[in-house]
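To keep things clear, I will list the structure first and then write my remarks on it.
Every number for a ligand or one of its atoms is a count from 1 in the order of the listing.
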Amino acid sequence: MNIVTIIGARPQFIKAAVVSRNIHQHNLEASPGNQIVEYIVHTGQHYDSNMSDVFFEEMDLPKPDVFLGIHQLSHGAMTGRMLEDIENVLLSEKPDAVLVYGDTNSTLAGALASVKLHIPVVHVEAGLRSFNRKMPEEHNRVLTDHVSNLLFCPTQTAVRNLENEGIKSKSDQPYRYPQIHLVGDVMYDASLFYAKQADIKATVGQRIITDTLHGKPFALFTLHRAENTDSIETLTSIIRAIESLSEKMPVVWPAHPRTLSKIKEFSISITKKNIFQIPPVGYFDMIALLDHCKIVLTDSGGLQKEAFYFKKNCITLRKETEWIELAEHGFNKIAGTEVNDIQFSFQQMMEQKPDFSLNLYGDGNAGKKIVSILAKNVKE
Ligand code: UDP
């Protein structure tokens, strides 16, 4: 079976690393006729070495077979150019299926290019919904799910979301009808697998924890969603809230390039010395920071779950989340973006001690399940 994998953004490298490792494992055990050959397309959506290369190096993700170099364009232009270039790749590679991840423009472009060539689409992390149609990610998810043949869901809520939109498993012929599988979260697999190596391999994160903060408790902060970074009022409000929290506890902030460029564009000042702003870190450093921090403040989808995996309370700097089970069980507080609300949530979550033994995202074998289902459904 030949598959083309489409990736382009940071969280997709992490998710694809899990599935690629399992493909490799499958091929070691499978008969020659049942091997999966993966051809990796990197769209170029994220291209800085610390947003892209570092994940290929650290996570043993096979190097891309082709790099499209498409970035820094408006949504329409970016998605359109990706659609055109991915179509050319698919026409020459003629894969049996196309594998897409998550909710970025690369996901949607990959799904559209495939479906128009009648190539089955496999969506990993299907069914997530924020129900906020202003988020570009929401369109990407909804549209991708509606053209996918195999939909791999991380949670029961995701399965329910698909069913509510009329997407139901209809037969055992996934290449004709959609088939939904609840497999768990591939990022849970990633956190279990790579955590074993993180303490040895983390560099920047480890230095901050030991040399700069000398083991003192700190808050881990990340911010990158367009809905937060592209509004001067919202961005200023979040920064002011973080400044005020930094008076209580040091804040470590691996800063996304988009956020930094917006802070510069809007001339937002950051004066507090207790904020340790660093460039984006690799996955091992992120694991070290998650493992040692006291609390997480973020608008990242992935980080909300990773906070839970590393048994840390989380404050989400948005008005809603796709990972609602975390909020329902008290692991996550949806704080919004107002200074007072963030301060209040911080106080509340510093005291909250939820039971982290709850199993919300599978058994850490999501990648293995995905590959085994893929292999069984090679062709009709
Ligand atoms: N991440 C990382 N380094 C950073 C910031 C994030 O390795 O400096 C990882 C994080 O641990 C998570 C993933 O990137 O696994 C989340 O990506 P992001 O927040 O960009 O996207 P989202 O999850 O919101 O789609």
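- In this model, no donor atom of one side chain and acceptor atom of the other lie less than 3.5 Å apart for Glu338 and Ser237.
- Salt-bridge formation is detected for the pair Arg141/Asp103: a Lys NZ or Arg NE/NH1/NH2 atom is positioned less than 4.0 Å from an Asp or Glu carboxylate oxygen.
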>> Does Asp189 form a side-chain hydrogen bond (donor to acceptor under 3.5 Å, both in side chains) with Asn365? I'd like the steps, not just the answer.
In response: CA-CA 6 Å; Asp189 297 23; Asn365 285 308; over 6 Å; no

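- In this structure, Arg10 fails the cation-pi test against Phe55, since its NZ or CZ atom is not both closer than 6.0 Å to the six-membered ring centre and inside 45 degrees of the ring normal.
- Protein residues having at least one heavy atom under 4.0 Å from any atom of ligand 1 are Arg10, Pro11, Ile14, Phe55, Met187, His224, Arg225, Pro254, Pro280, Val281, Gly282, Tyr283, Met286, Ser300, Gly301, Gly302, Leu303, Glu306, listed by chain and number.
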Between His146 and His123, does the ring pair (Phe, Tyr, Trp, His ring centres under 6.0 Å) criterion hold? Intermediate values first, please. CA-CA 10 Å; His146 281 260; His123 188 200; over 10 Å; no

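- Remark: Lys369 NZ is packed, more than 12 non-hydrogen atoms of other residues, nucleotides or ligands lying under 6.0 Å away.
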